[in-house]
Amino acid sequence: MLESGTPLAVGSVAGPTCAIKLSLFEGPLDLLLHLIRENEMDVTELPVAQIAGQYIEYLNLMEELQLDVAAEYLVMAATLAWIKSRMLLPPSENDDDEEGLDPRAELIARLLEYERFKEVSEQLGEYTREGRDVFKARVPESASTPEGERELEVSLMTLLDAFRRVLARVPTGPGLHEVEGELVTVYERMLAIMDAIGAEGGSLEFEQLFASDPEARLSRPLVVATFLALLELVRVAALRVYQGLREDGAPEGPIRLRRTEEGAEEWRRRIADDPRVHGVKSQEGV
Amino acid sequence: MERSQQKQIVEALIVAAGEPVSAARLAEIVPALDASDVAGLVAEITRDYEDQGRALEIWEVAGGYQLRTHASVAPYLRLLHRERALRLSRAALETIAIVAYRQPITRAEVEHVRGVEAGPVLKSLVDRKLVRIAGHREVPGRPLVYATTKRFLEVFGLGKLDDLPTLREVEELLPPPDAAAQVTPLELESAEVGESAPSPSELH
Amino acid sequence: MERSQQKQIVEALIVAAGEPVSAARLAEIVPALDASDVAGLVAEITRDYEDQGRALEIWEVAGGYQLRTHASVAPYLRLLHRERALRLSRAALETIAIVAYRQPITRAEVEHVRGVEAGPVLKSLVDRKLVRIAGHREVPGRPLVYATTKRFLEVFGLGKLDDLPTLREVEELLPPPDAAAQVTPLELESAEVGESAPSPSELH
């Protein structure tokens, strides 16, 4: 796929009539707009014969440069060729449904439509941008908020993404309603996670939590309990969850779990102090 | 409650919220503060920042007030947030513009406008919380539809979707120079600010 | 660089950082600022806050300086946080996810999945109109069953329940795992460690 970027420094190509200034385009429509502008034409005039020729030259040039020509460019080349052929034909009465229609009409409409958005996106690009030009205040919730009331800043989607990705790998076995045989508690899974992290030297990938289990035992209840245990461990600050950030700020790469530095005794105490764990413990006797 | 105290609370609320806080919400929380009075109070705070020579401003974006650093110190903040700088490719900007004006919109519709594949770009915009999945379209295949988020408004400093620049009519030949449609910080009249006024064109 | 300008930049950096910024980092970014001088500069800012009657302070916590609101305005801040529609506690989030995908579901079934008592959370979700009682299950004991509400759809920007993305759709939107990423804390991170014993940075 072509990405926008710095212009590729190609001055001209062979042929006396065409000097194509080549930059990387956003797609066939972008390229067409560029060619129309180069010819100092108006979009509504769309000189198909002329433009189609230059368009093909451009594609050939891209191929010469061994750039990948995305399929969309080839489709557009075919469209241009079709329009060109239609325009050469005298208006025919056989074409009932398209009688009187300029064969270029649809393409012109698309070009105009694309051009509008291109313009407005350029305007948006120059807007003062939070995260680039100005930066919002980011203050942690006041220390006066009790730990239990503190809320996690994460969207439902974020959480479900991770959770459901794991669930997807689990064969659809017995549903929630039929899991009597297997009682997995969040508490057990909390300890198991901390053990797994310990075995890996203090840091582990989210996915490894599920990969490390003997294949047959990876049931839905187990996955659910493990996930909830993970959240619980984050809550009691026994571990933290990280993910890489790409240059542009988007999260990327594996989600990593890292043990906090207080050591085993401290997190065991925290887990033990977690009121929700007591609820789990009392269930163990059942 | 004294005005100075109201100001103190309003500032603290805006600072701590991070997300834009609406005038209605502030009026609800701060004793004896009328919603119609919030704008004036916020303007006073912003003026204080200016008088005290601080690189902070309160903006009205995404339906509320938000504290932001001044554009004049952006170079230092970029050093701090080096890995987070919000860079958007042309493809991303075009896609987000199309989604913004045509929402809710399917991937196929975005692709039709741009003439190229839209999946990867949409994915990255969803990742960055600028675009969200807004459901399915009730047509055969039930494709997902996309819409912009509150974060989108925040990033581009827009009060609401209506504040987007006017999309040129197809018939018009020249685009109206309409960059002024962007909500400016509550710096009041930017003339007072002089050289430090954020001017979109200078910021790259 | 003038001291007033250094102060301005240091304040902006601390305000926008979101996490503690160390003296070393500040000295690295701010021109002509020595690390040994940072504490003094921060103390000046804190003193300014006090003189100006602002409900803000800069604390020195593990790892650096951090902006905080003054304890005196905590009651108002709690009002602010309580009402944030999109911020649910983890327990609420987990419960609502289970209800959303498995509805109608009994309390016992929710408890089985979560391994902990679900009553209080379900009640609070019902109070917040995100979950509703949808009837009884026709089994011995006729337990109540729960389902999500229209408000749930609104909060998550969905037109209807069917609009919850399916597993496959979510997967299509997820970026492929990439091992070579810089490790940076993400939102999922819990409250900062060492929080229990921070102290406001000392005034000199």
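Letters go in sequence order (proteins before strands), and every chain restarts at 1.
Between chain C and the residues B:V30, B:I29, B:L77, the most heavy-atom pairs under 4.5 angstrom are made by B:I29. In terms of non-hydrogen atom pairs under 4.5 Å with chain B, the most contact-rich of C:S72, C:G53, C:P75 is C:G53. Of the listed residues (B:Q52, B:R68, B:K7), the one with the most heavy-atom contacts under 4.5 Å to chain C is B:Q52.
Heavy atoms of B:Q8 lying under 4.5 Å from chain C belong to its backbone as well as its side chain. Of the atoms belonging to C:L13, heavy atoms from both backbone and side chain fall under 4.5 Å from chain B. Contacts of C:R54 with chain B are made by both backbone and side-chain atoms, with heavy-atom separations under 4.5 Å. Proximity to chain C is absent for every atom of B:L26, based on heavy atoms less than 4.5 angstrom apart. Heavy-atom distances place the side chain of B:V21, and not its backbone, under 4.5 Å from chain C. Using a 4.5 Å cut-off between heavy atoms, B:Q5 does not touch chain C at all. Contact annotation for C:E28: neither backbone nor side-chain heavy atoms come within less than 4.5 Å of a heavy atom of chain B.
Annotation for C:E2: atom CD does not count as buried by contact number, only 12 or fewer foreign heavy atoms lying within 6.0 Å. Within 6.0 Å of atom CZ in C:R107, 12 or fewer heavy atoms from other residues, nucleotides or ligands are found, so the atom counts as exposed in its surroundings.
Here the closest non-hydrogen pair linking B:A16 and C:T69 is CB-CG2, 3.9 Å. Closest of all the heavy-atom pairs between C:I9 and B:Y76 is CD1-CE1, 3.3 Å.
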